[in-house]
Amino acid sequence: MTAIDPTQIQAARRAKLFTRINKLDGWFKVLGLSFMTPLLRAAAGDNPKAQGKELWQLLGVPLLAILGFLLLWGNLAPRVVTSLGAIPGPVQVWEQVGVLHADHVAERERETAFMERQDARNAEFIAAGQEDRVRERPYTGSPTYYDQIWTSVKTVFFGFLIATVVAVPLGIAAGLSPTTNAALNPLIQIFKPVSPLAWLPIVTMVVSAVYVTQDGMFSRAFLTSAITVTLCSLWPTLINTALGVASIDRDLISVSRVLKLNTWTKITRLVLPSALPLIFTGLRLSLGVGWMVLIAAEMLAQNPGLGKFVWDQFQNGSSNSLALIMVAVFTIGIIGFLLDRLMYALQSLFTYSNNR
Amino acid sequence: MIRKLLASTSILATLGATALHADTFPEVEDLTLGFIKLTDMAPLAIAYERGYFEDEGLFVTLEAQANWKVLLDGVIDGNLHGAHMLAGQPLAATIGFGTEAHIVTPFVMDLNGNATTVSNEVWDMMRPAIPSDADGKPVHPISARALRPAIEAFADQGRPFNMGMVFPVSTHNFELRYWLAAGGIHPGFYSTDNISGQIGAEAQLSVTPPPQMPATLEAGTISGYSVGEPWNQQAVAMGIGVPVITDLDIFPMRAEKVLGLRADFVEENPNTVRALTRALIRATIWLDADDNANREEAVQIISRPNYVGADPDVLRNSMTGTFEYEQGDIRSVPDFNVFSRYYANFPFTSDAVWYLTQMRRWGQISDAQTDDWYAEIAQSVFLSDLFMDAAQSLVDDGLAPSEMFPFGSDGYRDAVDHAIDGVPFDGRTPNAYIDSLPIGLKGEQVVVGTEVQG
């Protein structure tokens, strides 16, 4: 038996550890946590000085910037006095976060009480032999802040989904056939710059005319918001898909001709894999646009969601209104950021490299 | 705990009562009602929060609306089952001014509750023309004559004198016009081809949704406005304007907001309508009970963001019987918001006729109509029978004393002469009344282009 050199084992272990950290690094980057890599490396004992420098860049500087922003905000805000009082600083805004949460808790308690009353009522009906009068109805109270966030997120994904279903096939068609491209191009050019505020009245009227049922799967307000999102967010996906498909290596197309691949196989085996990075870039842009459009649409049409929350607060004109609107602004920003991260993560999952 | 107990016992009580006559169950139990952020939506909030809707077997969702147009469209297209409406809205919709639809009402939510506010700039121009009392405070009511210097100053600078009201057929539009005309200032005519209502106007009135009034005044787009509370007191709190007159001084004690429902909905669902009316009557009784003793609690409820959402301090002013004119000039106005007293909830035919006379006066009703026409339209929209039916059932159930309701009334209030210009009004003779008003269309007159003919 040869004695094993302990340093060798250690080195092997370290090498293994570092490959693992490097692997994780990819994920950290996707999730926006890139500062974790130097932190882990430093913990694993890798040149602390170099890691410290990187950590400063990735974590220290952003944190300092946020701190500076908060200080500046806290100092400058009270100096601007509006008719509703001074502009709220970070502390007041944070207080309103607590208020909103307390509202949510109180509303849920009322919901429980409502449900208890409903159960009592139903029990009475059963006791009286009137089973046909028993109803299980949802709570009739007002939506809380969390409900509004959830509504907005649901709406944006629904609208985005329709946009994707429409834009990707159209984009592929435009990328493959110059004739289709020529046909679609003017329409894209004209409709792409149209503001959601212009689409909204048209969409509202059309939805009211076409979706007549009152108790369908979706509420009209939901459909109106979602379709407005669709109309504004399909363009980046459409354009990027067309571009991605059109820029496939000509050799690949020639090979497909030689092999006499049918269209379906050609699209799934050749076109999609090569165009995927650009399609995802388009999707990411689309989702970002969709989120911005949604808030505006909700504000204008008073459809449920974060946009309505902002408008309601503006209309309330209470001394807390500005702080509440700022809470919404941060929520909108953070959710927008998370949506972007999500798309970026998906993109990294589906595409191994950007140049295939 | 006590509240819970109370709620469950009252539910048991109603169940006991309703089980006896199963045919009184509401046909539609789940309702969505719209409202605008104003203190006079309080009956809806109170009926919800105090469980009166549930007592009546109704499950109501209350939804704030952006403006009166959106709200009216919501009721017409069925997104809303009913709504807190301006008294003039069902009347105008029925005669086809604006959107045409047969909207009716079995219930008046309140009387009074409006005021007219001018910007600080206009107030400074008005103040010298207003006499002061011993304490140096302006003497109320203030005549619109005091506006004359401001209107002339604006004209000299080449600026239009803009004022805001909330809807073309709103009480506020008619009150503001009434006040201006009584002070000799022409607020302008409507005609069939020009529905801006600014034909020949010295003060140009335009539509602004209630909650946006203070912001629009602050931005300088308008120099004054007529609106319900809390948006006048909000201007005082913000220090951007001065309320100069309340509607109690202009034309007091007529229907202000009503519960607007589609006529076909009312026809198909009589039990639902009765249940709704019962719940709302109970809410207004609570609001006015014991000399407004519950108003403070009502203020706390409607100050929640899902209802009116303004600060309680601002809401409290008008709701508890005081009104702040200039900052610090707080006066007692006990009847500023009347929800139940003076038979407030009864849809008087004469109140509807008054609104129709104002529509005729300013050209929204373009041609002359007979006295009978006024009575017919008023009675087809203000459904006094349905109200009496609901009121009687409350009396039978021991939930309201019978002297609260004008049983046996023919729908006409006694002739009154307490308007700011002293012109007497008798709902039975609308044409004679229209002819006696100082500024406005009379007899067979019509507006053609920018001319009054006939």
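Residue numbers begin at 1 in each chain, while the letters A, B, ... track the order of the sequences. Since we're looking at a predicted model, the values are computed, not measured.
- Rounding to the nearest 0.5 Å gives a distance of 8.5 Å between CZ of A:Arg117 and CZ of B:Phe59.
- For the pair B:Glu54/A:Gln118, no side-chain contact is recorded, criterion being any heavy-atom separation below 4.5 Å from C-beta on.
- Contacts with chain A were tallied for B:Glu63, B:Gln234, B:Glu29; B:Glu29 has the most, counting heavy-atom pairs under 4.5 Å.
- In terms of heavy-atom pairs under 4.5 Å with chain B, the best-connected choice from A:Phe314, A:Phe114, A:Tyr139 is A:Phe114.
- Annotation for B:Glu267: atom CD does not count as buried by contact number, only 12 or fewer foreign heavy atoms lying within 6.0 Å.
- For A:Trp150, the CH2 atom sits in a loose shell: 12 or fewer heavy atoms of surrounding residues, nucleotides or ligands are nearer than 6.0 Å.
- The shortest distance between side-chain heavy atoms of B:Phe53 and A:Thr140 does not fall below 4.5 Å.
- Of all heavy-atom pairs spanning B:Pro305 and A:Gln313, the tightest one is CB-NE2, 3.9 Å.
- Of the inter-residue distances, the one linking A:Glu107 atom CD with B:Asn306 atom CG reads 6.5 Å to the nearest 0.5 angstrom.
- Looking at heavy atoms from C-beta onward, A:Arg220 lies in side-chain contact with B:Asp77 at the 4.5 angstrom threshold.
- Using a 4.5 Å cut-off between heavy atoms, B:Ala235 makes no contact with chain A at all.
- Between the CZ atom of A:Arg110 and the CD atom of B:Glu49 there is a distance of 4.5 Å, given to the nearest 0.5 Å.
- The neighbour count for A:Met115 CE, taken as heavy atoms of other residues, nucleotides or ligands under 6.0 Å away, is above 12.
- Side-chain contact annotation: A:Ser142 with B:Tyr307, donor-acceptor N/O pair under 3.5 Å absent.
- For the options B:Val314, B:Val60, B:Leu62, B:Leu315, heavy-atom pairs under 4.5 Å to chain A are most numerous at B:Val60.
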